[in-house]
Amino acid sequence: MDEPGIAIVTRDRFLASIEARRGQAGAVAATIAAAYGIDLPSAGRWAGGADIAFAWAGPGEWSAIADRPIARDLAGRLAGQAAVTDQSDGWHLTEVSGLRVRDTLAKMLPIDLDPAALPPGAVALTRAGHIDLRLRHLSAGVYELAVFRSLGADFAGWLEASAAEFR
Amino acid sequence: MTGRRLATGGTIDRARPIAFHFDGQAYRGFAGDTLASALLGAGVALVGRSFKYHRPRGILSAGPEEPNALVELRDGARREPNTRATTVELHDGLVATSQNRWPSLRHDVMAVNGLLSPIFTAGFYYKTFMWPAAFWEKVYEPLIRRAAGLGRAAAVADPDHYEKATAFCDVLVIGAGPAGLDAALVAARAGDRVILAEQDFVLGGRLLSERGRDPIAELGDLPNLRVMTRTTVTGVYDGGTYAAIERVADHLAIPGQHQPRQRLWRLVARRAVLAAGAIERPLAFGDNDRPGVMLAGAVRTYVNRFGVAPGSRAVVFANNDDGARTVADLHAAGIEVAALVDPRPVPSAATIAAAQAANARLAAGVSIQRARGRLGVRDVELSDGTTIACDLVAMSGGWNPTLHLTSHLGGKPRWDEKIASFVPGGLPPGMTVVGAAAGDFGSGYEIAPLWRVRGTRGKSFVDFQNDVTVDDVALAAREGFRAVEHLKRYTTLGMATDQGKTSNVTGLAIMAELTGRGIPATGTTTFRPPFTPAAIGAFAGHHRGRDFRPTRRTPMHGWAAEQGAVFVETGLWLRAQYFLRPGESDWLTATNREVRAVREAVGLCDVTTLGKIDIQGADAAEFLDRVYVNGWKTLPVGRCRYGLMLREDGFAFDDGTTARLGPEHFLMTTTTANAGTVWRHLEFCRKVLWPDLDVQMTSVTEQWAQVALAGPRAPDVLARLTDVSLPHMGLAETTIMDGIEARLFRLSFSGERAYEIAVPARHGEALVRRLMAEGDAFGITPYGLEAIGLLRLEKGHVVGSELNGQTTAGDLGLARMMSAKKDFIGRVMAGRPALVDPERPVLVGLKPREPGAILAGGAHLLPQGAVATAANDQGYVTSVGYSPQLGSWIALGLLARGRERLGETVRAYDPVRGRDTPVEVVSPVFYDPEGSRLHG
Amino acid sequence: MRLTCPHCGNRGIEEFAYGGDADRRRPDGEPFGQAWMDYVYLRRNPAGAHREWWYHASGCRAWLVVTRDTTTHVVASVQEVAR
Amino acid sequence: MTDRFSIFTLLGEALSGHRGWKPQWRDPAPKPHYDVVIVGGGGHGLATAYYLASQHGIGNIAVVEKGWIGSGNVGRNTTIVRSNYLLPGNIPFYEWSLKLWEGLEQDINYNAMVSQRGVLNLYHSDGQRDAYARRGNAMRLHGVDAELLDRDAVRAKLPFLDFDNARFPIMGGLLQPRGGTVRHDAVAWGYARAADRRGVDILQNCEVTGIRIEGGRATGVETSRGFIGAGKIGLACAGNSGRVAAMAGLRLPIESHVLTAFVSEGLKPLIDCVVTFGAGHFYISQSDKGGLVFGGSIDGYNSYAQRGNLPIIEDVCEEGMALMPALGRLRMLRHWGGVMDMSMDGSPIIDRTDIGGLYLNAGWCIGGFKATPASGWCFAHLIARDEPHRVAAAYRLDRFATGRLLDEAGAGADVALH
């Protein structure tokens with residue numbers, strides 16, 4: 001079958017935010033590497049896989065994205081090193097892909113989506129119109145978009161409208 | 001004039017005729033036509049009426065500079081006034097109507113203005129219409145307003161939709177004429193990401209208009225070159241940002257399904273190449289606005305690109321070699337050229353040759369004095385006294401580089417004597433200019449400036465659309481409006497929809513001539529975005545109607561809707577205002593029922609929207625001490641405390657309860673309205689003011705759904721879910737409903753026993769459904785914002801209408817919260833004399849003297865018996881509500897020395913609602929002042 | 001206008017919130033006086049180079065010190081506030 | 001030669017080819033010394049000079065202007081006049097200004113097209129309604145006209161607003177019928193002409209480069225046309241107040257910000273009053289020429305560049321569409337920026353400075369145009385008599401130290417929120 005112009009799928013993941021305590025970013029990285037075998041990514045990147053991944057979320061901050069509850073485990077391991085909060089219910093996650101995915105996203109996001117500028121493995125913290133948004137480029141042409149839960153329905157409507165001409 | 005279609009030539013597709021209507025009359029054009037070329041091809045010369053004198057006007061140009069041929073395009077809700085016929089792509093079913101005329105284009109009664117033109121000079125209205133004074137708004141202004149304006153707005157919602165999009169490139173090339181095509185190819189072949197934007201619907205620019213020029217260069221299929229036709233770059237902004245409007249569906253009668261009408265592009269470019277070409281200048285001679293008088297370059301465009309003869313017998317009038325080219329092209333197309341009028345005493349060799357070849361009279365050292373004929377040119381009078389019959393005048397006063405975009409960031413164009421034009425001066429960072437836009441008109445370009453023909457009769461128009469004449473410029477000079485901006489503003493030169501594209505330089509040059517100052521000393525031309533007028537809808541894009549701003553919904557939204565909730569906008573959130581039960585039709589009935597339920601049984605409401613900030617770190621308590629007026633280090637784990645924040649200027653900012661989850665872990669709540677502002681403030685405090693503190697902050701507003709359970713039976717309902725029991729202001733982290741993580745708080749804003757239960761947001765709906773089921777036996781009732789407001793009002797708790805940014809902690813009766821033992825944001829400035837002035841209005845309760853009297857927020861408080869003047873204004877009503885318990889309207893207000901005036905009667909004076917109500921000053925706590933119900 | 005965030009790269013100002021004159025210093029612990037007036041109310045407000053705070057509100061949430069010319073909007077430098 | 005404007009002189013000139021009109025103001029050479037030098041040939045400066053001459057009998061006055069008169073905000077604003085203020089420190093001043101507008105044409109013999117077509121502030125929530133009621137009642141207590149309209153009344157007046165599909169529904173509005181618009185450029189020209197006729201020297205292309213201070217007293221201004229001595233100096237150069245005050249070593253509670261204004265193509269009459277959108281900052285009216293004149297909020301960063309950026313331009317258009325969805329197909333013709341003196345409480349300053357003979361008129365934020373007549377009147381009063389005028393008594397510089405602020409918006413010292 002031909003690749004569709006645009007494909008939109010809602011995802012349910014378990015999320016947690018991690019913010020290193022003052023001067024503890026190195027320790028946090030060491031703990032994560034030891035526990036999950038993942039090097040905490042630098043600015044604008046994410047690392048890991050479908051089971052568990054860590055996305056950069058600002059200086060000294062990361063989001064964990066996992067297929068199982070993760071916050072309690074992280075909080076235990078990072079006690080004294082980082083503030084961990086469960087965010088599994090705070091975000092609305094959408095995965096978008098398809099031949100026209102970048103044409104669709106260009107209507108919503110003010111960032112350069114060219115793979116040279118935003119390759120797979122990249123994270124962008126940005127905004128879509130009046131909605132703050134976190135984008136992960138999962139694999140070539142497949143993007144995960146995260147917006148606050150309360151805005152999920154509104155965002156989905158706009159995404160659908162933007163994609164309609166490519167359906 | 002008798003325009004007609006030529007048998008051959010041009011880029012139109014004669015095999016594809018297109019039907020359209022102008023002023024109700026059916027015509028035919030061809031694919032590839034503009035509305036203007038189709039009208040000319042159909043022999044229509046009279047297209048519009050001018051702004052002030054309602055003079056008959058035809059088509060002057062063949063591009064976006066057109067001042068005359070403005071029409072109302074389409075009809076009904078899609079009517080687009082002031083649309084330039086020269087840029088409208090002809091499409092099947094196109095409907096256009098002439099404007100600014102009544103009853104018809106040929107017979108316009110407002111043309112009487114032309115007779116009054118000796119009075120209607122530049123600036124005449126500043127000198128008159130002052131007597132009698134009252135007549136301005138009633139008589140003169142309505143007349144002027146009706147006469148002015150051009151087209152008519154549809155005045156109903158635009159049915160089409162719009163989009164905005166962003167694109168990035170290394171090189172943005174603006175204009176796909178010869179220079180732009182070249183630049184785009186060079187950059188793309190070098191591997192740059194290139195966007196080529198062209199306002200026309202085909203590439204080629206001037207190449208399309210000139211006979212014998214190479215066909216359009218083959219751009220090939222370069223993946224890094226994006227070609228955007230029908231796309232006008234309208235503005236240059238900082239940081240390499242360009243705005244462009246793509247007319248996605250304007251060449252269709254109605255946009256296709258899911259197709260936007262237009263799209264605003266924000267183009268972010270490291271470099272830009274401006275290749276926008278040049279715009280030809282008219283010549284100022286008598287009655288130079290008659291239909292049939294056209295720019296010479298436009299005449300060539302109509303002949304060569306559109307295969308249209310704009311007339312059958314032409315006179316060409318040019319002060320540069322455009323004249324020769326025009327003569328040659330007309331002749332080649334089989335159009336008779338009666339004369340080539342060249343004001344240069346010694347025309348160039350090319351000019352002489354062209355005239356000879358075309359068998360045209362060469363009138364050298366001569367000018368056209370005047371064009372004659374009312375609805376179309378009949379003949380022209382020359383300065384040598386001869387008259388030549390013609391139906392077409394092709395004029396060229398030289399060319400102005402299209403440098404508009406170079407001045408959007410403040411660049412000042414520079415006068416170039418050689419081409420008698422302004423050329424780009426200072427450029428926006430990253431921009432280069434090439435081709436005609438840079439003043440490169442080719443090696444053979446020679447011009448002898450001619451700004452106005454002297455000794456003419458009739459009106460010599462400089463700005464065609466705004467009817468500004470040479471005499472108007474002279475009048476401005478006489479009256480001291482000599483600065484170029486004064487000239488523009490006094491005469492309105494260059495202020496019309498064409499923004500002076502054909503008139504600014506000429507007007508400026510005439511002013512320079514009149515004042516003897518020379519052009520550079522007179523001023524320069526500056527341009528503002530957009531380059532051509534741009535649809536406002538495109539700049540709004542998707543964000544209109546209900547999508548103007550995003551809508552935030554809580555996890556319990558669907559449940560609330562089921563329960564009959566009427567929602568209200570609170571910031572971006574939708575919250576239940578009240579719940580209508582079957583048989584209820586008004587908010588007060590519903591609210592009274594909800595309030596009674598809380599006071600007598602138990603109520604449930606959704607408080608998810610409160611801002612929730614998770615604060616951790618070794619210095620978390622210290623941080624709270626610095627941002628709140630009260631102290632936090634002593635708050636035990638497992639307890640909550642009410643906190644008040646000030647702004648740094650000492651006024652009250654926000655309030656809420658903050659809970660201590662652990663020794664180094666707090667959960668702060670903010671008001672719904674201020675959640676974002678407080679967040680940013682706290683980020684500033686921790687990252688800029690005190691980066692040494694170990695504090696981590698995360699918003700958990702979205703993570704937790706939160707429900708308040710209030711009323712005497714609240715403990716009974718809660719007991720069905722958990723056996724945890726809490727002290728007042730206590731908190732517990734536990735699980736409920738088969739293992740759902742939950743946070744329980746015992747908090748009350750209603751004065752009743754009350755709890756708040758937070759669960760992860762996905763469980764929010766399940767929680768309310770469970771609570772409703774468990775509470776059924778106790779009469780549980782959902783309540784909304786109206787009831788919340790009333791319940792807190794009865795207890796004297798302040799909210800947004802009291803925390804309005806103008807009140808101090810002292811005003812609100814919260815001064816005692818301000819710790820004297822520590823520094824905190826706002827402490828110092830809160831001590832300024834006016835903030836501690838004992839005369840300040842302070843929070844009081846207010847109750848009408850007469851039961852049943854209605855109070856309203858915003859009423860002012862005056863002493864009883866005092867006259868209603870500002871001197872007696874002592875405060876105002878901040879919040880009101882109807883208390884079903886007290887059977888009365890009650891209010892909070894701010895009253896000067898209010899705390900000393902309990903029992904006094906004051907006037908709640910509300911003239912904008914026609915009310916004036918005696919009210920008693922009472923304690924702000926109306927209900928259960930002892931707080932017995934809280935602990936009962 | 002665009003700012004190059006040291007973490008996120010070149011972004012449009014719609015992602016940022018303005019914080020004003022970055023040469024102000026809060027006189028922590030001092031009593032009311034000129035220093036407080038300077039901090040809360042008085043501004044250098046130069047026509048030319050201006051050091052100013054910006055918050056990358058829709059991005060990484062870093063507070064930045066931007067040096068920008070107020071007459072041309074040309075940005076000379078962007079740095080994170082020293083942590 | 002024709003001087004006084006009347007229907008007879010106009011007709012007379014019409015019959016003689018308008019050859020008799022003379023310059024509306026002279027172009028004199030600077031004198032070495034004036035009793036008063038006003039820095040800034042904008043509306044406020046020219047009005048100040050006119051009222052100094054007409055109300056206080058001071059004849060030897062110069063207005064120095066770095067460019068052409070009216071080149072600042074008086075020629076860049078959206079032409080709205082109103083006195084619908086909330087605070088007792090503001091209402092009497094703006095009401096006095098409106099009264100001066102009402103008599104302006106007869107006073108200065110110049111038709112500035114004062115058009116009292118009404119200013120309507122829409123509200124979209126109960127809280128906003130009550131805030132407007134508070135304001136309207138405050139106005140009424142000061143003898144100012146104000147009416148609270150409900151939704152139906154607004155709809156009857158402006159049926160093309162979005163009443164059916166709005167994100168923030170319109171619930172009603174506060175109307176000041178006497179508010180309206182004035183032809184902005186004509187205000188500068190009219191005051192200039194009237195001041196010139198009373199002997200005021202208007203010195204264009206005369207940029208102040210320094211303020212000479214001797215013994216704690218200002219004695220004159222250095223300019224691009226040489227030193228000009230002055231008995232008193234009044235600064236009326238909003239937008240550039242910080243820059244000019246710095247020449248005298250003053251630091252002000254002011255930031256300069258850019259505000260963008262817009263005009264559409266000319267249209268037949270559509271909107272017959274001034275409307276403001278309560279769910280944003282958008283406002284719109286229609287000029288007598290037919291253009292829709294509109295704007296929104298400031299860009300929100302320090303700027304002297306007289307131009308704004310796309311996010312605010314988009315924002316203004318979004319708000320415009322939200323209010324009035326018929327705007328979609330109408331076209332923006334031009335947008336431009338003005339530099340605003342944003343004061344730290346959102347209200348102006350008309351006061352002496354610590355330097356003898358140096359007076360300050362500044363901090364007009366986004367609302368200086370409507371204040372032009374009263375600002376000139378009160379500044380003239382202050383300069384002539386060395387005491388504040390009654391209606392401008394609250395506009396003291398020391399209010400920031402005392403806390404007697406005039407913060408209509410309750411936004412605190414954050415200019416982006418005013």
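Here is the naming used below: chain letters follow the sequence lines, and residue numbers restart at 1 for every chain. Keep in mind it's a predicted model, so treat the numbers as computed, not measured.
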Checking A:A117 against chain C: side chain, backbone, both or neither under 4.5 Å from a heavy atom?
neither
Under 4.5 Å, heavy atom to heavy atom, which residues of residues 44-75 of chain C contact chain A?
C:A57, C:S58, C:G59, C:C60, C:R61, C:A62
Taking distance alone, no hydrogens or angles, what donor-acceptor pairs closer than 3.5 Å link side-chain atoms of residues 44-57 of chain A to residues at least two apart or in another chain?
from: A:W46; atom 1: NE1; to: A:H137; atom 2: O; distance (Å): 3.0
from: A:W56; atom 1: NE1; to: A:G58; atom 2: O; distance (Å): 3.0

Heavy-atom count around A:R167 CZ within 6.0 Å, excluding the residue itself: above 12?
yes
For atom CG of A:D67, is the number of surrounding heavy atoms from other residues, nucleotides or ligands below 6.0 Å larger than 12?
yes
Strictly less than 4.5 Å between heavy atoms, which residues of residues 5-40 of chain C line up against chain A? Please order them by number.
C:H7, C:C8, C:R11, C:E14, C:E15
Contacts of A:H130 that satisfy ring-ring contact (aromatic ring centres under 6.0 Å, His included) - sequence neighbours left out:
B:H543
